[in-house]
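All values reported here derive from a predicted model rather than from experimental measurement.
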Amino acid sequence: MKPILVVQNEPMMTTLLCHRLTMNGHSVLTAIDGRSALDLVSWARPKLVLVDMLLPDMRGLDVLSRLKHQPATADVPVMMLLPYAHEGDTVAALEGGAHDCLVKPIQPRELVARIAGALSRQKVAA
């Protein structure tokens with residue numbers, strides 16, 4: 001089973017996301033920064049990537065851009081985790097190829113529903 005990759009540098013948020021995802025039957029990999037995420041994606045081939053906008057080594061939008069410009073990962077759904085509701089960030093993420101955006105604090109049921117939607121859209125497109 002392909003994992004979901006959570007790219008998040010806040011330990012508590014990572015724990016909460018991983019717990020919710022595993023409770024819903026997903027396997028999960030984690031990365032604390034953009035470079036680690038890009039390395040993991042190259043060999044793990046996740047079914048979906050959750051990327052925080054604010055990472056210690058690069059912007060989440062840069063991770064998104066690199067994923068969408070690589071043929072091997074261009075079709076992987078990416079959901080951006082935003083620290084606050086800001087139209088500019090949301091628009092930049094969606095225009096950059098993100099499938100969806102979630103604003104922290106993330107509601108667990110909303111997270112699960114949005115991931116299910118992104119994965120079902122991916123199956124339809126395949």
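The list of salt bridge (Lys or Arg N to Asp or Glu O under 4.0 Å) pairs with a residue in residues 59-80, not counting sequence neighbours, reads Arg59-Asp62. Pairs engaging residues 77-88 under the salt bridge (Lys or Arg N to Asp or Glu O under 4.0 Å) rule: none recorded [sequence neighbours left out].
A search for side chain to side chain donor-acceptor pair (under 3.5 Å) contacts involving His99 returns nothing, not counting sequence neighbours. In terms of the side-chain contact (heavy atoms from CB on, under 4.5 Å) criterion, residue partners of Asp89 (sequence neighbours excluded) are, by chain and number, Met53, Leu82, Tyr84, His86. Taking the side-chain contact (heavy atoms from CB on, under 4.5 Å) definition, one finds that Asp57 meets it with Asp33, Arg35, Leu55, sequence neighbours left out. The side-chain contact (heavy atoms from CB on, under 4.5 Å) test applied to Ala98 returns Leu64, Met80, Ala93, not counting sequence neighbours.
None of Leu48, Val51, Leu50, Leu29 except one satisfies the side chain to side chain contact (heavy atoms under 4.5 Å, CB included) rule with Val6; the exception is Leu50.
One hydrophobic cluster, built from ILVMFWY side chains closer than 4.5 Å, cannot hold both Leu40 and Ile32; they sit in different ones. With hydrophobic clusters built from ILVMFWY side chains whose heavy atoms lie under 4.5 angstrom apart, Leu102 shares a cluster with Val28. Follow the hydrophobic side-chain contacts under 4.5 Å out from Val7 and you reach Val63 in the same cluster. Linking ILVMFWY residues whenever their side-chain heavy atoms come closer than 4.5 Å, directly or via other members, leaves Leu81 and Leu38 in distinct clusters.
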Quick one: side chains of residues 105-117, donor-acceptor pairs under 3.5 Å with protein atoms, not counting sequence neighbours, listed by atom name and distance.
unit_1, atom_1, unit_2, atom_2, d
Glu110, OE2, Arg114, NE, 2.8
Glu110, OE2, Arg114, NH2, 2.8
Arg114, NH1, Asp100, OD1, 2.6
Arg114, NH1, Asp100, OD2, 3.0
Arg114, NH1, Cys101, O, 3.3

Side-chain donor-acceptor pairs of residues 8-22 under 3.5 Å, sequence neighbours excluded:
unit_1, atom_1, unit_2, atom_2, d
Gln8, OE1, Glu10, N, 3.1
Gln8, NE2, Asp52, OD2, 2.7
Glu10, OE2, Lys104, NZ, 3.0
Thr14, OG1, Gln8, O, 3.3
Thr14, OG1, Glu10, O, 3.1
Thr15, OG1, Pro11, O, 3.0
Thr22, OG1, Cys18, O, 2.9
Thr22, OG1, His19, O, 3.1

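For the pair Leu119 and Lys47, the tightest heavy-atom approach, listed with the atom from each and the gap, is CD2-O, 3.6 Å. In this structure, Pro3 and Ala44 approach most closely via the heavy-atom pair CD-O, 4.0 Å.
Within the 4.5 Å cutoff, side-chain heavy atoms of Val41 are placed close to those of Leu67.
Side-chain heavy-atom separations under 4.5 angstrom define the hydrophobic clusters, and Met1 shares its cluster with no other residue.
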